[in-house]
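Beneath this line is the structure, given in structure tokens, with notes to follow.
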There are 2 protein chains.
Amino acid sequence: MIALTPGEKAALAALGERERRLRRNAVLLSENDRLTELFVLKQGMMMSYVLLDDGRRQILRFMFPGDFLATAALAYGTSPETLMALTDSIVCPFDRSVMAGLFDHHPRLAAAITALEQMERVAMTDRLAAIGRTSAKARVAGLLLELRHRLRAAGNSLAKGAAPASFSPGITQEEIGDATGLTAVHVNRMLRQLEDDGLLARDGGRFTVLDDARLARTANYVDRYAGLDFGWLPQPR
Amino acid sequence: MIALTPGEKAALAALGERERRLRRNAVLLSENDRLTELFVLKQGMMMSYVLLDDGRRQILRFMFPGDFLATAALAYGTSPETLMALTDSIVCPFDRSVMAGLFDHHPRLAAAITALEQMERVAMTDRLAAIGRTSAKARVAGLLLELRHRLRAAGNSLAKGAAPASFSPGITQEEIGDATGLTAVHVNRMLRQLEDDGLLARDGGRFTVLDDARLARTANYVDRYAGLDFGWLPQPR
DNA sequence: CGTTCGTTTGAACTGGTTCAAACTGCGTGG
DNA sequence: CCACGCAGTTTGAACCAGTTCAAACGAACG
């Protein structure tokens with residue numbers, strides 16, 4: 001999408017030098033843990049969440065290869081959220097100071113990372129609006145569409161081309177509930193309804209979108225990736 | 001908080017050169033408007049929101065002096081949200097290319113801006129968790145505490161010192177509802193309950209916190225500002 | 001002084017929760 | 001190979017937090 005200079009390529013590659021493997025369900029970082037590193041997710045699927053004092057959980061985000069993890073380290077000394085692997089995963093840790101070097105020597109990369117942060121922030125606002133103001137059915141449908149999009153080309157979230165009709169996010173209904181602010185029970189009912197409406201088919205953990213347009217409509221889905229524009233980035237150096 | 005070099009001071013000052021005045025309720029930017037500039041809010045209070053197709057509104061964020069507006073311009077060609085003035089306000093527009101210059105010539109400032117973005121992202125996740133997983137009473141209490149904090153020293157959100165017991169956010173119950181995912185009617189009932197519980201006193205649009213600790217507890221309030229850590233920022237240049 | 005915008009209160013209603021129980025598939029150990 | 005246990009799914013029934021609808025009230029403002 002953006003042609004990188006050899007120097008930029010090297011700088012990015014340096015982020016991926018150290019590797020750390022995580023088993024499914026492993027916690028990379030807990031809420032309030034000391035925070036001195038960031039990570040790039042190289043392989044697998046992860047999530048971040050917070051726990052409330054009554055034990056309820058809110059999943060904040062699902063993460064896919066290429067995503068930065070623990071970016072809160074750029075402003076906080078302790079983690080505001082827990083990071084957990086949903087599948088066996090590989091992450092690449094790097095120190096906060098490496099980020100400082102990036103800003104110093106690769107301004108265009110730093111700017112691109114800032115742009116990615118914006119995308120994430122906007123995704124978050126979409127979720128906020130969904131949870132605050134839409135029905136349970138819309139929220140579940142919306143999450144499925146988001147997951148489909150992100151699974152489409154993990155490691156290349158800007159991939160073009162039609163999204164696959166069939167996909168397998170590999171998360172439980174409990175997790176869908178914790179991401180959408182619903183109970184697992186009600187998620188189940190909404191999935192059944194989407195199925196009964198003929199929008200969706202299910203088989204085990206696998207979903208098949210039957211009516212793309214109608215599903216997107218019931219989800220209030222907006223494809224943010226269509227409106228991307230990185231025209232402002234500084235010159236390569 | 002961070003000692004700026006003369007060059008950095010000049011660069012920041014340059015962002016504030018042009019001024020644009022907005023009346024209360026004026027729309028600075030509508031959803032889907034073409035997006036080529038960012039802004040710094042110099043004076044007043046603003047908010048950003050999205051409208052759903054059924055006319056419901058979700059307020060995403062309240063903005064105070066010193067905040068950047070329309071940062072989505074760093075990734076998108078059109079605005080994902082509407083920006084509206086809640087009081088008469090002054091904003092300072094600057095082109096996206098100015099941001100590019102900042103990354104090129106003032107890496108430490110650019111990094112600091114990225115850190116601010118992180119703070120905003122975390123504030124958003126707190127709201128997400130509140131709306132997704134807490135009671136109406138907690139959400140209303142939480143919003144009030146957040147507003148108090150931000151009003152404390154508008155233009156210097158990192159100010160130390162006790163928050164004032166009494167403050168006047170100047171927003172309607174309808175707006176509190178649209179920010180917390182509730183109806184105006186129910187917001188009213190929650191305010192009365194907080195009052196009956198002896199946590200809060202009200203007079204017109206003015207709130208007085210009577211029991212700080214208990215209010216914070218019912219709100220699940222976490223003071224994120226306590227854990228800030230910008231130790232990683234690159235050297236001044 | 002009437003109009004408009006926001007607040008307040010009541011009463012009926014409903015989307016989503018809670019609790020409970022049955023069911024499914026799957027890995028593990030005997 | 002089977003039995004067991006476990007994690008997740010599915011369904012029903014009662015319940016409740018928050019919504020909806022309706023109406024009255026107050027204060028600011030032209």
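A quick note: this is a predicted structure, and the numbers were derived from the prediction, not measured. Lettering follows sequence order; numbering is per chain, from 1.
The two residues B/Ser48 and B/Leu83 make their nearest non-hydrogen contact at CB-CD2, 3.5 Å. Taking each heavy atom of A/Leu128 and B/Met124 in turn, the nearest pair found is CD2-SD, 4.0 Å.
Atom-to-atom, CD1 of A/Ile131 to C1' of C/dT17 comes out at 16 Å; the value is rounded to the nearest Å. For the pair A/Ile176 CD1 and C/dG16 P, the interatomic distance rounds to 16 Å; values are reported in whole Å. Distance CG (A/Asp178) to C1' (C/dT17): 14 Å, rounded to an integer number of Å. Residue B/Asp54 contributes atom CG, which lies 14 Å from atom P of C/dG15 at whole-angstrom precision.
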Worksheet item: Could you run down nucleotides 9-26 of chain D 5' to 3' and tag each one B, S or - for protein heavy-atom contact under 4.0 Å?
Response: SBBBB----BBBB-----
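A salt bridge links A/Lys137 with A/Asp197; the closest basic N to acidic carboxylate O contact falls under 4.0 Å. With respect to A/Arg127 and A/Glu146, a salt bridge is recorded, a charged nitrogen being found less than 4.0 Å from a carboxylate O.
Listed by chain and residue number, B/Asp53 satisfy the side chain to side chain contact (heavy atoms under 4.5 Å, CB included) test with A/Asn220 (two or more places apart in sequence, or in another chain).
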Would you give me the side-chain donor-acceptor pairs under 3.5 Å for residues 170-185 of chain A, sequence neighbours excluded?
residue	atom	partner	partner atom	Å
A/Thr172	OG1	A/Glu174	N	3.4
A/Thr172	OG1	A/Glu175	N	3.1
A/Thr172	OG1	A/Glu175	OE1	3.4
A/Gln173	OE1	A/Asn188	ND2	3.0
A/Glu175	OE1	A/Thr172	N	2.9
A/Asp178	OD1	B/Arg133	NH2	2.6
A/Asp178	OD2	A/Arg57	NE	2.6
A/Asp178	OD2	A/Arg57	NH2	2.9
A/Thr180	OG1	A/Ile176	O	2.7
A/Thr180	OG1	A/Gly177	O	3.4
A/Thr183	OG1	A/His186	N	3.2

